[in-house]
Amino acid sequence: AGWSSWQLVGLITRRSQVQVLLPQPINFAGLNAGFVRETSEKRPANLLAILLFGFPISSPDIMALPGIDPSQYAAQLAAKLDLFKQSFAPYGLPEPEVFCSAPQHYRMRAEFRMWHQDERVDYAMFDAERPKQPVILDTFPVASETICTMMPILRDRLIANEALKRRLFQIDFLSTLSGELLVTLIYHRKLDDEWEAAARALAAELNIQLIGRSRGQKIVVDRDWVLEEFELNGRQLRYKQIEGSFTQPNGGVNRQMLAWACKQAAGLGGDLLELYCGNGNFTVALAPLFERVLATEVSKSSVYAAQYNLE
């Protein structure tokens, strides 16, 4: 459609550590064509920032491991806000609203490589400057408290069980503000009956949802989704979040984002068209403010989740 027909209503980093939302949208009409440049950058984490500013903006959790310092969050947020204001100063923007994240335990999902050494298996991440040298983790303060609490418990259970540990390659966590947790164990081997029996026992013991994956295999212990529930403007919202589908990674900021969107939409009336609605994150929150809502989505799993969430 061309950039001149677009409007900017906010800037939200992919990792959702911070969102900067504008009280009034700005039109792209009149922007210098050189302001937006093509890029060969393959990391979608900074795609929006690259399109707007011409260079990536790092999130607080994207830093050289193992340096994660929540005490620096306020300074990092101030630096981002200052950069945002400087970049758009020529266009006379109003003062932006700034919504802070929790400085730690804000990320509702995480994934880790599993590092095998002797009889142990540990969570690992890798420094970009030393990609072959693992950084071993016991826990991860960026992740939700539910994930952080479970990480050492789950690791110890895996170490003690050869059927679950053997050729385990990766673990994915998906948690909710309401306390549910889904764990996906990814293997470089075929999963058999022995694995499934051990996995069912583990899921029951830890009270978690559990999935096993390998090439051409997906074994679901009970269900492959979690149910997120929280209060928003006096309403109790619920969201089915399916393993492998997109969900907002920062649950606390997501609630603030939905509250802001509802505030902007209050009094508009009429009909709402929402493109790429995902699991209905905005749809569920905004629907009572409009007469009719048409929400579209191409992912089948997200469509099913949105239908469930709107029931």
Side-chain angles (χ1 to χ4, degrees), residues 42-44 65 107-128 130-140 142-144 146-176 180-228 240-247 249 278-279 298-305 308:
K42 299 301 184 182
R43 294 173 54 200
L65 292 173
R107 188 170 177 84
M108 309 309 295
R109 62 177 191 257
E111 61 183 46
F112 303 97
R113 279 280 305 276
M114 301 306 293
W115 189 259
H116 294 256
Q117 183 72 35
D118 299 326
E119 298 301 316
R120 290 188 60 84
V121 60
D122 288 284
Y123 305 102
M125 298 182 75
F126 296 85
D127 189 330
R130 294 177 295 173
K132 296 184 179 181
Q133 178 63 43
V135 178
I136 302 301
L137 306 172
D138 290 316
T139 187
F140 189 56
V142 167
S144 69
T146 300
I147 294 175
C148 285
T149 299
M150 184 57 64
M151 286 178 66
I153 298 173
L154 177 62
R155 177 204 56 205
D156 292 347
R157 298 299 190 278
L158 294 172
I159 290 174
N161 191 308
E162 182 62 27
L164 296 174
K165 179 178 63 174
R166 183 163 57 90
R167 302 202 70 182
L168 175 62
F169 174 74
Q170 180 173 312
I171 295 184
D172 295 351
F173 293 93
L174 175 61
S175 64
T176 67
E180 292 196 7
L181 180 63
L182 188 154
V183 177
T184 302
L185 306 179
I186 302 173
Y187 292 84
H188 282 172
R189 69 177 178 91
K190 184 177 180 179
L191 303 180
D192 54 20
D193 293 341
E194 181 186 14
W195 179 91
E196 184 170 353
R200 291 189 178 279
L202 179 67
E205 177 191 358
L206 301 183
N207 191 29
I208 59 175
Q209 303 302 322
L210 190 63
I211 297 173
R213 282 188 174 274
S214 183
R215 184 183 295 273
Q217 281 187 294
K218 177 183 177 181
I219 300 177
V220 179
V221 177
D222 192 16
R223 52 185 167 92
D224 65 350
W225 52 273
V226 291
L227 189 65
E228 176 66 285
K240 175 189 282 190
Q241 299 181 345
I242 300 175
E243 182 250 4
S245 298
F246 175 78
T247 55
N279 70 344
V298 295
S299 166
K300 290 183 179 180
S301 62
S302 293
V303 169
Y304 298 146
Y308 178 95

Q. Taking atom CD1 of Ile211 and atom OG1 of Thr184, what is their separation to the nearest 0.5 Å?
A. 4.0 Å
Q: For the pair Leu182 and Phe173, evaluate side chain to side chain contact (heavy atoms under 4.5 Å, CB included) and give the outcome as yes or no after the intermediate values.
A: CA-CA 6 Å; Leu182 188 154; Phe173 293 93; over 6 Å; no
Q: Write down the atom of Arg213, the atom of Lys218, and the distance for their closest heavy-atom approach.
A: NH2-CD, 3.4 Å
**Q.** Separation of Ser299 OG from Ile242 CD1 (nearest 0.5 Å)
**A.** 7.5 Å
(Q) Show the nearest heavy-atom pair for residues Val121 and Arg155, with the distance to one decimal. (A) O-CG, 3.2 Å
Q | Ion pair Lys240/Glu228, N-O distance below 4.0 Å | A | no
Q: Please answer whether the main-chain N or O of Leu191 pairs with a side-chain N or O of Gln217 as donor and acceptor at a distance below 3.5 Å.
A: yes
Q) Got Pro134 and Phe126 here, is their nearest side-chain heavy-atom distance under 4.5 Å? A) yes
Q.
With a 3.5 Å distance limit and no angle check, can you tell me whether His188 reaches the backbone of Ser214 through a side-chain donor-acceptor pair?
A. no
Q | Any side-chain heavy-atom pair of His116 and Arg167 under 4.5 Å | A | no
Q. Considering only heavy atoms from C-beta outward, does the side chain of Gln241 approach that of Leu227 to under 4.5 Å?
A. no
**Q.** Trp195 and Tyr187 aromatic ring geometry - parallel, tilted or perpendicular at 30°/60° bounds
**A.** perpendicular
Q. Are Trp225 and Tyr308 close enough that their ring centres sit under 6.0 Å apart?
A. yes
(Q) Is any side-chain heavy atom of Ile147 closer than 4.5 Å to one of Thr149? (A) no
Q.
Could you tell me if the side chain of Leu206 sits less than 4.5 Å from the side chain of Val183, heavy atoms only?
A. no
Q) Does Leu168 reach the side chain of Leu158, with side-chain heavy atoms less than 4.5 Å apart? A) yes
(Q) So, taking the atom named CG in Leu202 and the one named CZ in Arg157, what distance separates them when rounded to the nearest 0.5 Å? (A) 8.0 Å
Q. Heavy-atom distance under 4.5 Å between the side chains of Phe169 and Arg113, does that happen here?
A. yes
Q: Measure the shortest side-chain to side-chain distance between Met108 and Pro249 over non-hydrogen atoms and say whether it is less than 4.5 angstrom.
A: no
Q. Which distance, rounded to the nearest 0.5 Å, do you find between the CD of Gln133 and the CE of Met125?
A. 14.5 Å
Q.
Here's a test for you: under side chain to side chain contact (heavy atoms under 4.5 Å, CB included), which of Leu210, Ile208, Val226 qualifies with Leu181?
A. Ile208
Q.
Please determine whether a side-chain nitrogen of the Lys or Arg among Arg120 and Asp122 lies less than 4.0 Å from a carboxylate oxygen of the Asp or Glu.
A. yes
Q) Where is the tightest heavy-atom contact between Val221 and Ala199, given as atom of each residue plus distance? A) CG2-CB, 4.3 Å
Q. With a 4.0 Å cut-off, would you call Arg223 and Glu243 a salt bridge?
A. no
Q: Check Phe140 against Cys148 and note the closest heavy-atom contact, atom names and distance.
A: O-SG, 2.8 Å
**Q.** Check ion pair Glu205-Arg200 (N to O, under 4.0 angstrom)
**A.** no
(Q) Other residues, nucleotides and ligands only: do more than 12 of their heavy atoms fall within 6.0 Å of CD on Glu162? (A) yes
Q.
I need the Arg166 CZ to Asn161 CG distance, nearest 0.5 Å.
A. 11.0 Å
Q. How long is the span from the CG atom in Leu174 to the OG1 atom in Thr247, to the nearest 0.5 Å?
A. 5.0 Å
Q) So which heavy atom on Tyr123 is nearest to which on Met114, and how close? A) CD2-SD, 3.6 Å
